[in-house]
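Worksheet: one structure, shown below.
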Amino acid sequence: MSQVADTQIDLLTWARELDVERERIKAANAVRAARRGFIVIATDPSVGVDSPEYRRVYATEARTPNQAAAKIRPLVSGRRLHTYLATGKYKNELADARWVA
């Protein structure tokens, strides 16, 4: 009988561990939900539209479109920035976008 008692789960301890794990997951999801994926298209008005250098595509996570553009701006000085949600109109651009953390 003592062997069976040693292998049984302490339900109170298990319930506390589940509560701690739920809170950890809830906090992680809240942080993740506060950020969204954005596609930022940087165009250069001084280059012809048909040139491969006219347009560069970047992907990043941020809370707002302006924060996403602010992350990209130092990399592309002199270019116009157009920011879109990664799940929206330009979602097909995500595959070829350069990731910026």
Response to the item:
The reported gap from CZ in Arg35 to OG1 in Thr64 (rounded to nearest 0.5 angstrom) is 13.5 Å
Worksheet item: Can any side-chain N or O of Thr60 pair as donor or acceptor with the backbone N or O of Val100 at less than 3.5 Å?
Response: yes
Worksheet item: Does a sphere of radius 6.0 Å around CH2 in Trp99 hold more than 12 heavy atoms from other residues, nucleotides or ligands, not counting ones at 6.0 Å or beyond?
Response: yes
Worksheet item: Can you name the side-chain hydrogen bond (donor to acceptor under 3.5 Å, both in side chains) partners of Arg56, sequence neighbours left out?
Response: Glu53
Discussion item. Please report the interatomic distance CD1(Ile9) to CH2(Trp14), rounded to the nearest 0.5 Å.
Written reply: 7.0 Å
Worksheet entry | same_hphob_cluster(Val57, Tyr90) at 4.5 Å side-chain heavy-atom cutoff | yes
Worksheet item: Which distance, rounded to the nearest 0.5 Å, do you find between the OG of Ser77 and the CD1 of Ile72?
Response: 13.0 Å
Practice prompt. Keeping to residues at least two apart or across chains, list the salt bridge (charged side-chain N to carboxylate O under 4.0 Å, His left out) pairs with something in residues 90-101.
Written response: Arg55-Glu93
Item to complete: Please report the shortest heavy-atom distance between Pro45 and Gly78, naming the atom on each side.
Response: CD-O, 4.0 Å
Discussion item. Hydrophobic cluster membership, with links at side-chain heavy-atom distances under 4.5 Å among I/L/V/M/F/W/Y: are Val40 and Leu75 in one?
Written reply: yes
Practice prompt. To the nearest 0.5 Å, tell me how far Thr87 OG1 sits from Leu94 CG.
Written response: 10.0 Å
Worksheet, complete the sentence: Quick note, ring pair (Phe, Tyr, Trp, His ring centres under 6.0 Å) partners involving residues 38-70, not counting sequence neighbours, are none
Practice prompt. Scan Glu17, Arg22, Glu21 and name whichever one has a side chain to side chain contact (heavy atoms under 4.5 Å, CB included) with Asp19.
Written response: Arg22
Discussion item. For the CG atom of Asp10 and the CZ atom of Arg16, what is their distance to the nearest 0.5 Å?
Written reply: 7.0 Å
Practice prompt. Grab the two heavy atoms, one from Leu81 and one from Ala42, that are nearest each other, plus how far apart they are.
Written response: CD2-CB, 3.6 Å
Response to the item:
Value for CD (Glu61) from CZ (Arg36), rounded to nearest 0.5 Å, stands at 12.0 Å
